[in-house]
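On a predicted model such as this, the values are computed, not experimentally measured, just so you know.
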Amino acid sequence: MHHSSSRLVRPPLARWFGAALAAALLLPIAPAARAATLPAAVDGQPMPSLAPMLGRVTPTVVNISTTTRVPVRDAYFDDPMMRQFFGLPSTPRERVEQSLGSGVIVDAAKGYVLTNNHVVGGADDISVTLQDGRTFKGKLIGTDPATDVAVVQIPAQKLQALPLADSSQLQVGDYVVAVGDPFGLGQTVTAGIVSALGRSGLGENASGMGGYQNFIQTDASINPGNSGGALVNLRGELVGINTMIFSPSGGNVGIGFAIPSNLTSEVMAQLLAHGKVQRGSLGVQTQAITPRIAQLLQLKDSNGVVVTQVRDGSAAERAGLQAGDVLTTLNGKPLRSVQELNNAEGLLPLGSTLRLGVLRAGKPSEISATLTAEKLAGIDGGQLDPRLAGVHFSELSQDQRSQGWYGVAITAVQPGSRAARAGLRTDEVVIGVGSQRITSLHVLRGLAGVKPRQLVLVVAGDDGTRYVVIN
């Protein structure tokens with residue numbers, strides 16, 4: 001059927017893409033015209049295209065492939081006597097896992113590449129391939145599982161870097177373009193708009209952690225392998241690192257999420273300076289207000305969160321917060337969940353001041369508290385059991401607890417100690433001793449003096465959960 005009527009173009013479209021596209025869209029559309037390609041020019045004006053911008057962007061987006069060797073556990077064949085009986089090798093069996101993702105060059109001189117923690121975290125080998133086909137071995141500079149950000153360095157010359165935009169200036173409806181390597185097909189570009197901002201409460205992030213969430217939502221197609229790739233504006237500036245999708249089928253359904261560039265740049269700065277992210281803490285534990293709690297506290301509604309514990313010497317204690325206080329607002333905005341408060345602690349720089357609306361005994365007030373570095377209680381293992389001499393334990397940080405961890409952290413293991421020889425490692429978490437579940441330093445202290453014949457620790461780390469036996 002021949003269309004004799006013209007399609008109307010709204011003024012914003014003409015402003016975004018120019019008069020040439022507007023003129024093209026106003027032309028009558030015949031059946032033959034649908035099948036034909038768009039003309040190179042209309043009325044002497046070149047057709048608008050993202051190609052010039054992408055010509056600057058695509059050389060900065062890289063393919064990342066990783067190899068991880070994972071031990072294969074088997075209670076039967078891990079026994080030394082069984083290995084000897086069957087003539088099996090003494091070296092532990094392992095399987096090799098491979099994965100693909102993307103990354104973005106953000107510093108051409110130093111070869112820094114931004115990507116996701118779930119792309120490179122825990123990998124034994126990292127291979128980075130540029131658009132021009134060159135491949136380099138990547139060095140992992142640092143990772144932050146809580147935000148799913150990682151920095152890799154490559155020893156390459158003649159690199160191009162992507163400039164970072166101020167992601168706080170993004171608005172819903174802004175046009176964005178995603179660049180990455182979905183399904184390992186090769187570099188692919190998709191376009192869409194910003195669908196929503198400040199998305200959080202999405203459960204675990206792509207690293208498998210609860211973490212801190214402040215995502216950009218977009219309908220630009222993001223698929224497996226796009227992780228770590230670039231989300232750019234029409235000026236070719238980085239506004240986000242693509243990280244995860246919402247999909248009941250495993251493929252793109254138009255709901256993808258990216259980590260804002262402002263957050264990635266702050267995390268990267270800390271990873272380069274310290275090798276890890278140093279976060280501030282209020283030093284409070286809070287709980288959502290259920291109808292039952294609202295009734296007990298004689299509250300009119302369930303808005304806000306209730307403070308259940310204030311740590312000694314914390315920023316919250318210095319600010320005057322008390323257990324039983326109801327926090328109703330955060331920096332002038334309604335505080336709707338415990339996750340929102342955790343996000344503020346985890347995403348704001350150390351030293352930031354939070355303005356908290358407080359309801360105490362029915363009277364509203366406002367308290368300001370400054371995020372300070374956590375001072376975590378600790379204990380030397382030798383005070384618990386002589387076999388743990390040289391090991392230092394501490395409470396988990398707020399950051400670790402927000403990621404779903406429980407137990408006590410191993411912050412130091414003296415080389416050559418009995419614990420070190422048994423395989424205990426720094427930065428692991430003790431979640432059990434024998435059959436006793438360990439949830440805090442207080443529980444661990446309660447085991448002092450027990451001194452079983454064989455000390456069995458259940459420890460968790462990046463490579464899973466394992467047993468450490470100290471004789």
* Structure fact -> Sequence neighbours excluded, the answer for salt bridge (Lys or Arg N to Asp or Glu O under 4.0 Å) partners of Glu237 is Arg235

* Ion pair check, Arg355 and Glu366, cut-off under 4.0 Å -> yes

* **Considering all heavy atoms, the nearest Ala319-Ala369 contact** => CB-CB, 3.8 Å

* Asked: For Arg418, which residues count as a salt bridge (Lys or Arg N to Asp or Glu O under 4.0 Å) partner, sequence neighbours excluded?
  -> none

* **Atom of Gln187, atom of Val179 and distance for their closest heavy-atom approach** => CG-CG1, 3.9 Å

* OG on Ser368 to CG on Leu354, rounded to 0.5 Å -> 8.5 Å

* Asked: Taking the side chain as C-beta and beyond, is there a heavy-atom pair between Asn117 and Val120 under 4.5 Å?
  -> no

* Look at the side chain of Thr329 and the backbone N and O of Pro334, then say whether any donor-acceptor pair between them is shorter than 3.5 Å. => no

* Asked: When rounded to the nearest 0.5 angstrom, what distance separates CD1 in Ile126 from NZ in Lys139?
  -> 11.5 Å

* Out of curiosity, Leu457 CG to Ile410 CD1, how far, rounded to the nearest 0.5 Å? -> 7.0 Å

* Only pairs at least two apart or in different chains count here, so list each salt bridge (Lys or Arg N to Asp or Glu O under 4.0 Å) that has a residue in residues 319-328. => Asp325-Arg360

* Using salt bridge (Lys or Arg N to Asp or Glu O under 4.0 Å) as the criterion, list what pairs up with Arg421, not counting sequence neighbours. => none

* Name all residues meeting the side chain to side chain contact (heavy atoms under 4.5 Å, CB included) criterion together with Ser435; count only those two or more places apart in sequence or in a different chain, and write none if there are none. => none

* State the CG-OG distance between Asp181 and Ser102, to the nearest 0.5 angstrom. => 5.0 Å

* Might you point out which heavy atoms bring Ser394 and Thr411 nearest each other, and give the distance in Å? => OG-CG2, 3.2 Å

* **Non-hydrogen atoms of Val119 and Thr66 that approach each other most closely** => O-CG2, 3.3 Å

* For Gln270, enumerate each residue passing the side-chain hydrogen bond (donor to acceptor under 3.5 Å, both in side chains) test, keeping only those at least two apart in sequence or located in another chain. => none

* **Leu327 CG to Leu356 CG distance, which is reported to the nearest 0.5 Å** => 5.5 Å

* How about Val177 and Leu231: do any of their side-chain heavy atoms sit closer than 4.5 Å? -> no

* To do: Would you mind reporting whether Leu130 and Phe136 have side-chain heavy atoms less than 4.5 Å apart?
  => yes

* Asked: Less than 4.5 Å apart, any side-chain heavy atom of Val151 and any of Val267?
  -> no

* To do: Report the C-alpha separation of Thr243 and Asp148 in whole Å, then their side-chain angles, then the decisive distance to 0.1 Å, and conclude whether the side chain to side chain donor-acceptor pair (under 3.5 Å) test is met.
  => CA-CA 8 Å; Thr243 187; Asp148 198 20; 2.8 Å; yes

* Partners meeting side chain to side chain contact (heavy atoms under 4.5 Å, CB included) with Lys110 (sequence neighbours left out) -> Asp107, Tyr112, Gln153

* Asked: Will you find, in the side chains of Asn233 and Asp174, an N or O donor that is under 3.5 Å from an N or O acceptor?
  -> no

* Asked: Within 45° of the six-membered ring axis of Phe393 and under 6.0 Å from that ring's centre, is NZ or CZ of Arg445 located there?
  -> no

* Heavy-atom closest pair, residues Thr264 and Ile241 -> CG2-CG1, 3.8 Å

* Structure fact -> Residue set satisfying side chain to side chain contact (heavy atoms under 4.5 Å, CB included) with Gln436, at least two apart, ordered chain then number -> Ile438, Val443, Leu447

* Asked: Short question: side chain of Asp385, backbone of Arg387 - any donor-acceptor pair under 3.5 Å?
  -> yes

* Using modelled atom types only, decide if a donor and an acceptor are shared between the side chain of Ser261 and the backbone of Ala165 within a distance under 3.5 Å. => yes

* Quick one: side chain to side chain contact (heavy atoms under 4.5 Å, CB included) partners of Ala273, sequence neighbours excluded? -> none

* Asked: So which heavy atom on Gln287 is nearest to which on Ile293, and how close?
  -> NE2-CD1, 3.2 Å

* Is it the case that Thr129 and Thr135 place a side-chain donor and acceptor less than 3.5 Å from each other? -> yes

* Using the test salt bridge (Lys or Arg N to Asp or Glu O under 4.0 Å), find all partners of Asp427 that sit at least two apart in sequence or belong to another chain. => none

* Should Arg466 and Glu428 count as side-chain neighbours, where that means a heavy-atom distance under 4.5 Å? -> yes

* To do: Taking side-chain hydrogen bond (donor to acceptor under 3.5 Å, both in side chains) as the test, write out the residues that go with Ser265, two or more places apart.
  => none

* Do Leu455 and Val469 have side chains that get closer than 4.5 Å, going by heavy atoms? -> no

* Rounded to the nearest 0.5 Å, what's the gap from CD1 on Ile289 to CG on Leu297? Could you check? => 7.0 Å

* Flag side-chain contact, heavy atom, 4.5 Å: Leu164 against Val106 -> yes

* Taking only residues two or more places apart in sequence or in another chain, which ones pass side-chain hydrogen bond (donor to acceptor under 3.5 Å, both in side chains) with Thr58? -> Gln131

* Asked: Is there a donor-acceptor pair closer than 3.5 Å between any side-chain N or O of Ser281 and the backbone N or O of Gly283?
  -> yes

